[in-house]
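Here is the structure we will look at.
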Amino acid sequence: MKNKINANLSILINMFMPIIYLFFSCSLAAGLLYVLYITADNLYRTSRYDFITYSVGYFMYLKRLLHGDLIYVIIFTIISLCIYAAISYKKSKNMISLIENVEEMANGNLNNVIDLDDSGNIKKLANNINDIVTQLRNITIEERKAQQTKTDLITNVSHDLRTPLTSIIGYLSIIEDDKYKDEVQLRYYTNIAYEKAQTLNLLINDLFDLTKMQNHTMTLNTIQIDLVELLGQITAQSEYIFKNENVECRTKFSDDKLIVQADAIKLVRAFENLITNAIKYGKDGRYIDITTEKIDDMAIIKIINYGEPIPAIDLPHIFDRFYRVEKSRNRNDGGSGLGLAITKNIIELHEGNISVSSDYDCTIFEVQLKLDSI
Ligand code: ADP
């Protein structure tokens with residue numbers, strides 16, 4: 001209601017604005033004319049300067065020529081028009097500038113900013129147009145980024161699918177062409193082809209899951225879970241891997257239960273990813289620490305390894321899809337570069353948070369999950 005009244009008031013003011021300007025110009029012109037008349041009259045009476053007597057005489061001559069007071073009407077009109085032109089010049093100039101700027105924006109120059117020396121409605125309009133163009137520019141940038149991400153994803157996927165596929169085709173064609181020496185070599189080639197097929201399968205599944213999570217089409221089957229119990233089970237089940245890799249897993253779990261509402265299968269996958277990575281990339285450090293604690297209404301889980309640190313330059317990208325630290329790119333024990341992206345998505349699906357820090361002392365992956373308020 002109040003907005004409607006304000007809008008109607010604005011329309012009324014705008015409608016009468018030219019009349020108000022004209023009225024103001026006429027009043028000012030009348031005042032000026034009066035002051036001019038008094039001053040000229042006084043000067044004529046008192047001045048001894050010839051040019052004043054001459055000017056007033058010429059004025060009188062003009063007055064006679066125009067049959068009386070018409071000269072005053074002409075001077076008044078000229079002064080009024082001059083004042084009116086001076087007042088409306090700035091408005092017209094700003095309006096023209098606005099039109100030109102909008103035309104430039106319409107031609108695709110979204111970096112253009114309208115800057116007017118005004119404080120009225122035209123300025124408001126210019127500011128609104130600037131805001132719209134800024135939003136449009138941001139949307140365009142976002143769209144370009146999304147397009148680039150899609151292109152990168154397709155490039156990465158094609159590369160990562162092609163590599164194991166080329167090996168599979170290579171080894172199978174050796175078998176097909178009977179180019180193996182004996183049964184042992186046949187088994188060896190079959191085994192490599194099988195392992196590469198497994199890698200391919202894993203990659204496709206990971207990719208499928210990640211896409212589902214990012215498109216928000218993955219649903220969570222949440223139940224109440226005690227994180228301490230869950231992590232205890234995961235570490236117990238990974239015992240043989242720790243032994244195999246010659247790594248000792250030290251746990252420091254909180255005495256309290258840490259109950260969260262979560263999808264057990266997905267959460268297990270997230271923590272398994274982190275623990276597997278800690279073993280894979282930190283086995284040189286000999287120890288892996290897994291700790292839990294309760295801070296306010298949050299459960300904090302840390303997975304710490306002491307191997308080579310992640311270079312500072314890689315840290316901001318570590319959760320990106322397909323991102324792998326340069327060194328691990330060339331190693332055979334690395335995965336697809338999707339593990340941490342999946343882990344982050346799982347944690348975020350649970351409205352939690354994951355972060356990483358790494359230096360020469362240790363690499364810490366910290367997961368924060370909101371505790372269930374039973
Ligand atoms: P990958 O399939 O290569 O393991 P991830 O997304 O799990 O992909 O990890 C991305 C990269 O982050 C890895 O290639 C590795 O270089 C680095 N990384 C992950 N976890 C750790 C860790 N605990 N310690 C050191 N580096 C790690």
Using side-chain hydrogen bond (donor to acceptor under 3.5 Å, both in side chains) as the criterion, list what pairs up with [X], not counting sequence neighbours.
| X | value |
| --- | --- |
| Glu293 | none |
| Thr235 | none |
| Thr199 | none |
| Glu229 | none |

Who else is in Phe208's hydrophobic cluster (ILVMFWY, side-chain heavy atoms under 4.5 Å, direct or via others)?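 Via sub-4.5 Å side-chain contacts, Phe208 links to none.
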Could you identify which residues cluster with Met105, counting Ile, Leu, Val, Met, Phe, Trp and Tyr as linked when any side-chain heavy atoms lie under 4.5 Å apart, either directly or through a chain of such contacts?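 Traced through the cluster, Met105 reaches Met95, Leu98, Ile99, Val102, Leu110, Ile114, Leu116, Ile122, Leu125, Ile129, Val133, Leu136.
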Who are the salt bridge (charged side-chain N to carboxylate O under 4.0 Å, His left out) partners of [X], not counting sequence neighbours?
| X | value |
| --- | --- |
| Lys179 | Asp177 |
| Lys266 | Asp263 |
| Asp297 | Lys370 |
| Lys90 | none |

Hey, does the side chain of [X] reach the backbone of [Y] with a donor-acceptor pair shorter than 3.5 angstrom?
| X | Y | result |
| --- | --- | --- |
| Thr363 | Asp359 | no |
| Thr217 | Lys212 | yes |
| Asn191 | Arg187 | no |
| Ser358 | Ile310 | yes |

From CA spacing to verdict: side chain to side chain contact (heavy atoms under 4.5 Å, CB included), Tyr287, Asn305: CA-CA 6 Å; Tyr287 296 103; Asn305 60 274; over 6 Å; no
Give a yes or no on whether a salt bridge exists between Lys294 and Asp256, defined as a side-chain N under 4.0 angstrom from a carboxylate O.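 Answer for the salt bridge query: no.
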Under a 4.0 Å N-O cut-off, is there an ion pair linking Glu348 with Lys344?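 Counted as a salt bridge, because a side-chain N and a carboxylate O are separated by less than 4.0 Å.
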Between Gln185 and Glu183, is the side-chain hydrogen bond (donor to acceptor under 3.5 Å, both in side chains) condition met? List the steps. CA-CA 6 Å; Gln185 204 171 42; Glu183 176 86 3; over 6 Å; no
Do the side chains of [Y] and [X] get nearer than 4.5 Å, heavy atoms only?
| X | Y | value |
| --- | --- | --- |
| Phe365 | Ile304 | no |
| Glu308 | Tyr360 | no |
| His350 | Val260 | no |
| Ile241 | Ile275 | no |
| Tyr84 | Pro18 | yes |
| Asp361 | Tyr306 | no |
| Arg286 | Asn246 | yes |

What's the separation between atom NZ in Lys123 and atom CG in Asp115, rounded to the nearest 0.5 Å?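 One gets 5.0 Å once the value is rounded to the nearest 0.5 Å.
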Which of parallel (below 30°), tilted (30 to 60°) and perpendicular (above 60°) describes Tyr58 and Tyr61?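 Aromatic pair Tyr58/Tyr61 classed tilted.
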Treating Ile, Leu, Val, Met, Phe, Trp and Tyr as nodes and any side-chain heavy-atom pair under 4.5 angstrom as an edge, say whether Ile83 and Ile74 lie in one connected cluster.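 In one cluster: yes.
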What about Phe76 and Phe23, same hydrophobic cluster or not, with Ile/Leu/Val/Met/Phe/Trp/Tyr joined at side-chain heavy-atom distances under 4.5 Å?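 Per the 4.5 Å side-chain linkage, Phe76 and Phe23 are not co-clustered.
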Evaluation steps, side chain to side chain contact (heavy atoms under 4.5 Å, CB included), between Asn345 and Leu349: CA-CA 6 Å; Asn345 271 278; Leu349 270 179; 5.6 Å; no
Identify, with sequence neighbours excluded, every residue that meets side chain to side chain contact (heavy atoms under 4.5 Å, CB included) alongside Thr292.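 Here the qualifying residues are Val228, Leu231, Phe253, Ser254, Leu258, Ile301.
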Run the side chain to side chain contact (heavy atoms under 4.5 Å, CB included) test on Phe322 and Leu207 for me, step by step, so that the C-alpha distance in whole Å, both residues' side-chain angles and the decisive distance to 0.1 Å come before the verdict. CA-CA 10 Å; Phe322 291 108; Leu207 206 61; 3.7 Å; yes
Residues Val367, Phe271; criterion side chain to side chain contact (heavy atoms under 4.5 Å, CB included); working and verdict: CA-CA 9 Å; Val367 175; Phe271 287 124; 4.0 Å; yes
ring-ring contact (aromatic ring centres under 6.0 Å, His included): which pairs involve residues 165-195, sequence neighbours left out?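 Output for this query lists Tyr171-Tyr189.
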Nearest heavy-atom neighbours spanning Cys26 and Ser80: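 Heavy-atom minimum between the residues: CA-OG, 3.7 Å.
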Would you name the heavy atoms of Ile225 and Ala262 that are closest together and state the gap between them?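 So the two residues come closest at CD1-O, 3.3 Å.
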